[in-house]
**Student:** 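After the structure tokens below, expect a handful of questions from me.
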Amino acid sequence: MENRLQMDDRMVPRKIISLQINESVQMKLLQSNAVFDKASKKPGDPQIEDLVDETSAKDTSSKPTNEATVGSFGDCYSAVSSGKPQQLDMAEITEVHSKEFHASQEGMELQSHHLHLASCSECLEMENSTIESVRYASAENLLDLSDDYCGSSDEMVMGEDNLMENTRQNNKSGKPPNVLIYVGSNYLQYLTKFQQVKSILIDCLDNDRYAIYPLLEEQILKEPWADNSLLLVVACDKPVSEQINGQFMSYLSKGGKILGLCTPFCFGEIKISHKNELKEKIHRFSFTKSDGTDVILDAFTSGQIFLKEMNCTENATKDLELLGSLTDLEKDIVIVRLSYRENGGEAVLCQVHLEIPPDSTEIQVQEDFRALKQSNALRYEVLTEILKHLQLSCGLSEMPPLTPVHLLAKAEETQRTFLRWLRPQLDEKGVLKSPKISLKVVTKQQPGLEATPSSLPLIVESHKFSSEYFDMKIYCENLQTQLLGQLIFFSEVIPTTMDVFDGLMLQLPEEVGLIAIAVRQTQGKGRGQNIWISPIGSAMFTIQVRIQLNSQLGQNISFLQHLVALAAVESVLSIPGYEDIDLKVKWPNDIYFSNLMKLGGVLVNSTLMGTTFHMLIGCGFNVANSNPTICINDIIQQHNKVHGTHLQLLRTDQLMARTVTVLEKLISTFQTEGANGVLPLYYKRWMHSGTQVRLWKEDGPAAWIIGLDDSGFLQVLQEGDNNVVTVQPDGNSFDMLRNLIITKRH
């Protein structure tokens, strides 16, 4: 194919490859004039005896950080002194994009060609011309290509150490793994719709197996797209022409799969009927899964429904399956599955907007936003079920590999104190052994460092540390503590932050205030045997706290979990301007959006040694990952939309530091004033005043929550009785407010 194509400089390419460059590499290319440095520096062997000297270089917290960095969630932030993220305006983004840069690599003839970002108009023109060239090339029988070949499917990833790594997995259907999205005749006009559809497909599909592209109208009529795609998504809101309809039906006749999203396109023994009262409204519908169970959820409806043809034959009925209908009295049909002929052609057509997220501009009413957010996880479940109907893989991709742990500190002296304690704890190989996770101490990042679930490198040289997910400067600016959180173990991917403390908790010097922070956890822990899902965008940390047994909090140690949940909520609500963000505490240890959806939780493990409680506190809450449920930044954006405010989005590093700061203050207040010192703020933030609960079992006696006792257990007033009783959970894993057990009467 190479000799059939012509490059933008009219040269003929020697080899065609597809390159995907991640954001961190893009930024490094821009900042360094895009010259890849191939020199490999081989670090020397670390000397454990010199660990303390190695950390005497420069205080991490005092290092100026003025460069623009890529935020942990894909947004561009500028690290300003306030510690709050500043998004680059369009002028700055345009300026960055306008910088041309080159990639040079020995043996690769890339020096004379520009590398552009995806939104560049010049790139779009080049893409169109390349598509036109490919059309002529692919129209012939290219005998030297395999049957399942598609140029776009051999995805190559450019990284920092390896120039190209083939990551595309072959599917077994014999077709290239392309998913095409058709949004109408004017692609640019419907670009938002394309992005919505693509976004949810990326979230649902196994991203290692499929490549997603727009299908333009001119391509439908001229190019051999039908033989090179596994799925066609039709999301146009206007009827297609007879020619295009014929191409879609031809695709089905060859065994193609179609997903219709609120489109007039249909075939077979059904037809479209318009109902204006359903247009652009939130309605509840029921979806039947493959196992026969029903899922009930709210969605944005299109104003169209499906009707069976009156003269539908018995054979035609076999090719039609009703999957979803509204729950109103008329039970209007909104999702159907249709088979087409004998080659396996199949379509699932929907008249509910599964592609529209709750924070879309189409959603203007607060009640609609809440209804859609509550149904958001089910929206993903329904679409995943539909994609499986159409024989696509929705399994999760493999977890990313584990990464080393970095030792960071707000002050140099804190780090030196820890290293002086650490040195005699190491064996002859420089390993701090532990039953769960051992730490291999090294001075700096070096090739060949292996991270496994039972052994992680601990890198103690901190002045060269950088991560796109964690800004040490922002963390330090927001950390205003005397002790907690002053020393940091940071890892981008770790089994669980709780296990890092195994072997450390009881021996750590009191003056270091260690916190373990992770971007992702592969074995996150929740209450009981629950698993804590840990996606990028969540604030996740474990911190150790020592509490004396004879102190006020030591005498009511179970209250600590309430203080941690309250601290997480206060980390947001105590920021000026953010006081009305709808975050709540759910007893005993959950963080909620209003009284609707869980955002995070707290896990506390305690060990009593002598007269000291060693408390290990794990906390995680969703800051910036919108799917599949909700995050704090979703709530902020919705608040801005409803109230006309311009509150900035928040960061994980910022809120973790603020949470630890608030927690230290709450602990201090409890130790001096007891529960009464913190309960007024707790009641202000919790969601339970006047809530009715059931005792013992689902249909047990009713009671009303009135507050907490000094130990942090719920106090309730029984129905028909003036007695106040203290209750505790029955141990179920789903809802600690269910089936409460009476422990004592007042």
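Remember, predicted model here, so these are calculated numbers, not experimental data. For this chain, numbers begin at 1 and follow the sequence in order.
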**Student:** For Asn595, which residues count as a side-chain contact (heavy atoms from CB on, under 4.5 Å) partner, sequence neighbours excluded?
**Tutor:** Met687
**Student:** When you measure from the side chain of Trp587 to the backbone N and O of Leu708, does any donor-acceptor pair fall under 3.5 Å?
**Tutor:**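 No: the side chain of Trp587 does not pair with the backbone of Leu708.
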**Student:** Any non-hydrogen side-chain atom of Lys473 less than 4.5 Å from a side-chain atom of Asn478?
**Tutor:** no
**Student:** Between Thr481 and Gln486, does any side-chain donor sit less than 3.5 Å from a side-chain acceptor?
**Tutor:**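 There is such a pair between these side chains.
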**Student:** Search all heavy atoms of Gly485 against all heavy atoms of Leu479 and return the closest pair with its distance.
**Tutor:**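 Answer, listing the atom of Gly485 first, then Leu479: O-CD2, 3.3 Å.
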**Student:** Do Asp653 and Arg651 meet the salt-bridge criterion of a basic N to acidic O distance under 4.0 Å?
**Tutor:**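 Yes, Arg651 and Asp653 are salt-bridged.
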**Student:** Would you call the rings of Phe490 and Phe470 parallel, tilted or perpendicular, taking 30° and 60° as the class edges?
**Tutor:** parallel
**Student:** Quick one: does Thr263's side chain have a donor or acceptor within less than 3.5 Å of a partner on Phe265's backbone?
**Tutor:**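 Yes; at least one donor-acceptor contact below 3.5 Å.
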**Student:** For the pair Ser467 (side chain) and Tyr469 (backbone), establish whether a donor and an acceptor sit closer than 3.5 Å, ignoring hydrogens and angles.
**Tutor:**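 Yes, the answer is positive, given that a donor and an acceptor are paired below the 3.5 Å cut-off.
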**Student:** Tell me if a side-chain donor or acceptor on Ser594 pairs with a main-chain N or O of Leu596 at a distance below 3.5 Å.
**Tutor:** no
**Student:** Is it the case that more than 12 heavy atoms not belonging to Lys684 sit under 6.0 Å from its NZ atom?
**Tutor:**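 Check fails, neighbour count at 12 or below.
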**Student:** The criterion is side-chain contact (heavy atoms from CB on, under 4.5 Å); which residues satisfy it with Ile333, sequence neighbours excluded?
**Tutor:**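 Counting only residues at least two positions away or on another chain, Ile333 forms a side-chain contact (heavy atoms from CB on, under 4.5 Å) with Phe306, Leu322, Val336.
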**Student:** Without hydrogens or angle criteria, can the side chains of Glu355 and Gln196 be said to hold a donor-acceptor pair below 3.5 Å?
**Tutor:**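 No - no donor-acceptor pair under 3.5 Å links their side chains.
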**Student:** Assess the residue pair Val233 and Tyr182 against the criterion (side chain to side chain contact (heavy atoms under 4.5 Å, CB included)); give the C-alpha distance rounded to whole Å, side-chain angles, the decisive distance to 0.1 Å, and a yes or no.
**Tutor:** CA-CA 6 Å; Val233 181; Tyr182 176 69; over 6 Å; no
**Student:** Which residues satisfy the side-chain contact (heavy atoms from CB on, under 4.5 Å) test with Gln482, sequence neighbours excluded?
**Tutor:** Glu664
**Student:** Apply the test side chain to side chain contact (heavy atoms under 4.5 Å, CB included) to residues Ile632 and Phe621: give CA-CA distance (whole Å), side-chain angles for both, the deciding distance (0.1 Å), then the verdict.
**Tutor:** CA-CA 9 Å; Ile632 289 172; Phe621 52 94; 3.8 Å; yes
**Student:** For Ala299, is there any backbone N or O sitting under 3.5 Å from a side-chain donor or acceptor partner on His283?
**Tutor:** no
**Student:** Taking side-chain contact (heavy atoms from CB on, under 4.5 Å) as the criterion, tell me which of Leu387, Leu259, Leu201 meets it with Val179.
**Tutor:**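 Of Leu387, Leu259, Leu201, side-chain contact (heavy atoms from CB on, under 4.5 Å) with Val179 is met by Leu201 alone.
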**Student:** What closest approach, in Å, do Glu492 and Glu468 show between heavy atoms, and which atom pair accounts for it?
**Tutor:**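 So the minimum-distance heavy-atom pair works out to OE2-N, 4.4 Å.
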**Student:** Compare all side-chain heavy atoms of Leu599 with those of Tyr592 and state whether any distance is below 4.5 angstrom.
**Tutor:**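 With C-beta onward as the side chain, the pair stays apart.
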**Student:** Determine whether a donor-acceptor pair (N or O, by modelled atom type, separation under 3.5 Å) exists between the side chain of Asp298 and the backbone of Leu372.
**Tutor:**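 Judged by distance alone, no pair lies under 3.5 Å.
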**Student:** Do Val183 and Ile181 come close enough that some side-chain heavy atom pair is under 4.5 Å?
**Tutor:** yes
**Student:** Tell me whether Tyr190 contacts the main-chain N or O of Ala235 through its side chain, where contact means a donor paired with an acceptor under 3.5 Å.
**Tutor:**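 No, Tyr190 side chain to Ala235 backbone: no donor-acceptor pair under 3.5 Å.
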**Student:** Could you give me the CA-CA distance, side-chain angles and deciding distance for Leu323 and Val348, then say whether side chain to side chain contact (heavy atoms under 4.5 Å, CB included) is met?
**Tutor:** CA-CA 9 Å; Leu323 296 180; Val348 175; 4.3 Å; yes
**Student:** What pairs of donor and acceptor atoms, side-chain ones from residues 272-282 against any protein atom, are under 3.5 angstrom apart with sequence neighbours left out?
**Tutor:**
| unit_1 | atom_1 | unit_2 | atom_2 | d |
| --- | --- | --- | --- | --- |
| Lys275 | NZ | Glu330 | OE1 | 2.5 |
| Lys275 | NZ | Asp332 | OD2 | 2.9 |

**Student:** Between the side chains of Gln351 and Ser302, is a donor N or O closer than 3.5 angstrom to an acceptor N or O?
**Tutor:** yes
**Student:** Are side-chain heavy atoms of His688 and Lys584 found at a separation under 4.5 Å?
**Tutor:**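 Heavy-atom side-chain distance check fails, nothing below 4.5 Å.
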**Student:** Could you check whether the rings of Phe369 and Phe593 sit parallel, tilted or perpendicular, using 30° and 60° as the cut-offs?
**Tutor:**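 Perpendicular.
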**Student:** Shortest non-hydrogen contact from His639 to Thr645?
**Tutor:**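 Looks like ND1-OG1, 3.3 Å.
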**Student:** Can you confirm whether Leu679 sits close enough to Phe559 that some side-chain heavy atom of one is under 4.5 Å from a side-chain heavy atom of the other?
**Tutor:** yes
**Student:** Would you say that Ile296 contacts Arg284 through its side chain, given a criterion of any heavy-atom pair below 4.5 Å between the two side chains?
**Tutor:** yes
**Student:** Once side chain to side chain donor-acceptor pair (under 3.5 Å) is applied, do any residues pair with Thr497, and if so which ones, sequence neighbours excluded?
**Tutor:**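 Thr497 satisfies side chain to side chain donor-acceptor pair (under 3.5 Å) with Gln521, Thr542 once adjacent residues are dropped.
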**Student:** Enumerate, atom names and distances included, each donor-acceptor pair closer than 3.5 Å involving a side-chain atom of residues 564-577, sequence neighbours excluded.
**Tutor:**
| unit_1 | atom_1 | unit_2 | atom_2 | d |
| --- | --- | --- | --- | --- |
| Glu570 | OE2 | Arg685 | NE | 2.4 |
| Glu570 | OE2 | Arg685 | NH2 | 3.0 |
| Ser571 | OG | Ala568 | O | 2.6 |
| Ser571 | OG | Thr659 | OG1 | 3.4 |
| Ser574 | OG | Glu570 | O | 2.5 |
| Ser574 | OG | Arg658 | NH2 | 2.9 |

**Student:** Considering all heavy atoms of both residues, which atom of Ala675 and which atom of Phe670 are nearest to each other, and what is their separation?
**Tutor:**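 Looks like CA-CE1, 3.4 Å.
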**Student:** Are side-chain heavy atoms of Leu231 and Leu180 found at a separation under 4.5 Å?
**Tutor:**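 The answer is no; the side chains never approach within 4.5 Å.
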**Student:** Take Leu261 and Val234 through the side chain to side chain contact (heavy atoms under 4.5 Å, CB included) test and state the conclusion after the steps.
**Tutor:** CA-CA 6 Å; Leu261 295 175; Val234 182; over 6 Å; no
**Student:** Testing the basics here: between Val295 and Glu381, what is the closest heavy-atom pair and its distance to 0.1 Å?
**Tutor:**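 Where Val295 meets Glu381 most closely, the heavy atoms are CG2-OE2, 3.8 Å.
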**Student:** Side chains of Asp634 and Asn622, heavy atoms from C-beta outward: is any pair under 4.5 Å?
**Tutor:**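 When only atoms from C-beta onward are counted, Asn622 and Asp634 do not touch, as no gap falls below 4.5 Å.
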